[in-house]
Amino acid sequence: MPDTFDLTVIGTGPGGYVCAIRAAQLGMKVAVVEKRATHGGTCLNVGCIPSKALLHASELLAEAGHGFARMGITIPAPKVDLAQMMTFKQEAIDGNTKGIDFLLKKNKVTVFRGTGRILSAGKVEVKPEDGKTEIVETRKIVIATGSDVAPLKGVTIDEKDVVSSTGALELKKVPGHLVVVGAGVIGLELGSVWARLGAKVTVIEFLDRILPGMDSEVAKQFQRLLQRQAFTFMLSSKVTGIDKAKKGLKISVEPAKGGETRTVAADKVLVAIGRVPFISGLGCAEAGIECNDKGRIEVHANFETSVAGIYAIGDVIRGPMLAHKAEDEGVAVAELIAGEAGHVNYDVIPGVVYTSPEIAAVGKTEDELKAAGIAYNVGKFPFLANGRAKANQTTDGFVKVLADQRTDKVLGVHIMGAQAGELIHEAAVLMEFGGSAEDLARTCHAHPTLSEAVKEAAMAVAGRAIHA
Ligand SMILES: Cc1cc2nc3c(=O)[nH]c(=O)nc-3n(C[C@H](O)[C@H](O)[C@H](O)COP(=O)(O)OP(=O)(O)OC[C@H]3O[C@@H](n4cnc5c(N)ncnc54)[C@H](O)[C@@H]3O)c2cc1C
């Protein structure tokens, strides 16, 4: 008689492994099923971690190339050893994925290697690449199978010349001209990496703006800063095909509304138009698990699918496709299954673009507040007026605080500037506690810090910023 697990989690990305660990902490007998050789999913293997390693290395290269002399540090012009930079990236991946192995072992989680398929509530088939298929008996199942690259109609991704984010993380040579299709987070982050390493970067975007979904004022100003970093943008344009030429690639581009086709030559193309939920081979339809028209698994507020005892979290369900959102859902679903009060506050999920400068946001954008007819006050503060930013010469960008006009409750915070991805969390904590702009404005902030710009933006909501 095989072991019966309390919980089996399919997929060990940030959603799945966190769920498994939390469930084990709560006393459940837990199994995970993973088809990849290493744990950590998209995030650790081909997403957040490798992209941030390359962003970090290339940002330091740019700093050494342009910023050091200004500070009185004279060094020879830095050179790129791309193979070593890729080794640095791989070390970041290995360090993190091994850490997950350790944590799963420490929490006594049983690992099944292979592709999981749900046979019914309580039964998961695991098919290893080679070896015997096993059936895992389990009381509950959590699906955490994540997402995959969204395909572009009429274009074949060969991961050599036409690459997805996965291929763009392992190019063997800096391309002369990289065309990025899609001006979302992933396209702009990976475009930044290769631009800093020396590529000419052209971004082709269907919409008339970059970073769809983020605050449009931030996006507009950020586009100008990227143009200063030698990015070229073709907005309101659609790629209709990519042909291999004798040398390089020929990209057919049309106005988004239709019209005359023009051709753009490139050495490599990165297709970064988004991601789609991954449920292939999981047996959802056969098991009666309902998906919406975008292929995302439908879940109730407690993450249970249309089949009792089967739950889903992370990129495969509704909401932003972000690692920390998947992690928080992993914790919440484990707690709910254990009879505790698991909860995710979808109004306070920060989003960060790890470019230079960084962009970070939490809560509503001005565009969303306008569309919802919510009266709000705005407080803005430029880094140009912040002492630490001036000392560091990182004065690009600003902080914007949006507060309810009636109650002063903070509804959204948007930051463009150095370390925005770290600064945003004081806003997230404040919002989690339902804090007001005045609460933030009256909290003493250390001087000189970039965080003072957040405080001053909160003061500006009531028209009383001191330094601007
Ligand atoms: C280039 C890039 C950069 C990114 N940067 C960031 C960032 O900076 N910050 C951020 O928050 N997010 C980032 N993301 C998004 C982030 O990676 C995802 O939101 C996150 O990984 C989703 O977690 P998940 O657990 O839902 O799924 P995933 O991480 O996709 O993990 C799913 C796992 O399930 C496994 N699996 C799938 N089907 C089966 C099956 N049938 N049987 C067994 N195993 C299966 C897969 O092999 C995979 O390991 C980035 C993504 C990309 C591509």
Side-chain angles (χ1 to χ4, degrees), residues 8-20 31-56 89 93 96-97 100 111-118 124-129 136 141-150 163-170 180 182 184-193 270-284 287 296-297 303 312-331 333 349-355 358-360 421:
T8 298
V9 184
I10 308 177
T12 56
Y17 83 75
V18 167
C19 174
V32 292
V33 183
E34 175 55 59
K35 68 186 170 80
R36 217 185 267 270
T38 49
H39 297 301
T42 303
C43 177
L44 271 57
N45 291 283
V46 291
C48 327
I49 294 298
S51 61
K52 265 78 254 177
L54 292 182
L55 279 157
H56 176 68
K89 177 204 71 178
I93 297 172
N96 278 285
T97 57
I100 308 304
V111 176
F112 290 92
R113 298 269 174 200
T115 300
R117 188 162 72 91
I118 297 171
V124 178
E125 174 199 82
V126 182
K127 205 180 234 167
E129 269 200 7
V136 181
I141 297 170
V142 169
I143 301 169
T145 50
S147 61
D148 201 359
V149 172
V163 296
S164 70
S165 54
T166 304
L169 288 165
E170 45 197 37
V180 178
V185 180
I186 293 176
L188 297 185
E189 285 186 357
L190 293 176
S192 292
V193 166
L270 160 60
V271 178
I273 58 162
R275 296 183 62 82
V276 287
F278 185 79
I279 52 166
S280 162
L282 194 60
C284 282
R296 288 190 168 196
I297 294 176
F303 304 102
I313 55 165
D315 280 8
V316 83
I317 65 166
R318 78 279 186 273
M321 287 186 168
L322 291 170
H324 41 286
K325 176 258 192 191
E327 288 186 44
D328 282 10
E329 289 176 344
V331 169
V333 75
I349 295 186
V352 179
V353 191
Y354 297 84
T355 41
E358 289 183 351
I359 313 277

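Just so you know, ligand 1 is whichever comes first in the structure, and atom 1 is the first atom listed for that ligand. Just so it is clear, the values below take in all heavy atoms, side chains as well, and ignore hydrogens, waters and symmetry mates.
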When rounded to the nearest 0.5 angstrom, what distance separates [atom1] in [X] from [atom2] in [Y]?
X: F278; Y: T42; atom1: CZ; atom2: OG1; result: 9.5 Å
X: E189; Y: T355; atom1: CD; atom2: OG1; result: 6.5 Å
X: D315; Y: C43; atom1: CG; atom2: SG; result: 9.5 Å
X: I143; Y: C284; atom1: CD1; atom2: SG; result: 4.5 Å

Closest approach of any protein heavy atom to [atom], naming residue and atom:
atom: atom 53 (C) of ligand 1; result: R275 NH1, 3.4 Å
atom: atom 8 (O) of ligand 1; result: K52 NZ, 2.7 Å
atom: atom 30 (O) of ligand 1; result: T42 OG1, 2.6 Å
atom: atom 18 (C) of ligand 1; result: D315 OD2, 3.3 Å
atom: atom 3 (C) of ligand 1; result: G47 C, 3.4 Å
atom: atom 38 (N) of ligand 1; result: T145 CG2, 3.3 Å
atom: atom 13 (C) of ligand 1; result: C48 SG, 3.2 Å
atom: atom 47 (O) of ligand 1; result: E34 OE2, 2.6 Å

Indicate the atoms forming the closest heavy-atom contact of [X] with [Y], along with that distance.
X: L270; Y: A168; answer: CD1-CB, 3.9 Å
X: G330; Y: I313; answer: CA-CD1, 3.6 Å
X: V333; Y: C19; answer: CG1-SG, 3.6 Å
X: I279; Y: V316; answer: CG2-CG2, 3.5 Å
X: A144; Y: V9; answer: CB-CG1, 4.3 Å
X: K89; Y: L169; answer: NZ-O, 2.8 Å

Within the 4.0 Å heavy-atom shell around [X], which atoms of ligand 1 are there?
X: I10; answer: 40 (C), 42 (N), 43 (C)
X: G13; answer: 25 (O), 29 (O), 31 (O), 33 (C)
X: Y354; answer: 8 (O)
X: A326; answer: 23 (O), 26 (O)
X: G41; answer: 29 (O), 31 (O), 48 (C), 49 (O)
X: M321; answer: 15 (C), 19 (O)
X: G15; answer: 25 (O)
X: R36; answer: 47 (O), 49 (O)

Applying a 4.0 Å heavy-atom criterion (strictly less than), which segment of [X] is in contact with ligand 1: side chain, backbone, both, or neither?
X: L322; answer: both
X: C43; answer: both
X: P14; answer: both
X: S147; answer: backbone
X: V46; answer: backbone

Evaluating non-hydrogen atoms only, which member of I186, I313, V185 is closest to atom 51 (C) of ligand 1?
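Answer by nearest heavy atom: I186.
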
Any idea which of A272, A323, A144, G11 brings a heavy atom closest to atom 32 (C) of ligand 1?
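Answer by nearest heavy atom: A144.
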
So is there a nitrogen or oxygen of K35 less than 3.5 Å from a nitrogen or oxygen in ligand 1?
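So ligand 1 has an N or O lying under 3.5 Å from an N or O of K35.
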
So is S51 close enough to ligand 1, meaning a heavy atom under 4.0 angstrom away?
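Contact check S51 vs ligand 1: positive.
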
For G114 and ligand 1, answer yes if some heavy atom of the residue is under 4.0 Å from a ligand atom, otherwise no.
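Yes; G114 lies near enough to ligand 1 that a heavy-atom distance drops under 4.0 Å.
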
Does some side-chain heavy atom of R36 sit less than 4.5 Å from a side-chain heavy atom of L44?
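No. Closest side-chain heavy atoms not under 4.5 Å.
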
Please check this pair: side chain of [X] against backbone of [Y], looking for a donor-acceptor N/O pair closer than 3.5 Å.
X: R113; Y: A37; result: yes
X: E34; Y: H39; result: no
X: E329; Y: G314; result: yes

By the definition side chain to side chain donor-acceptor pair (under 3.5 Å), identify the one residue from N96, T12, N45 that meets it with T38.
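The residue from N96, T12, N45 that satisfies side chain to side chain donor-acceptor pair (under 3.5 Å) with T38 turns out to be N45.
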
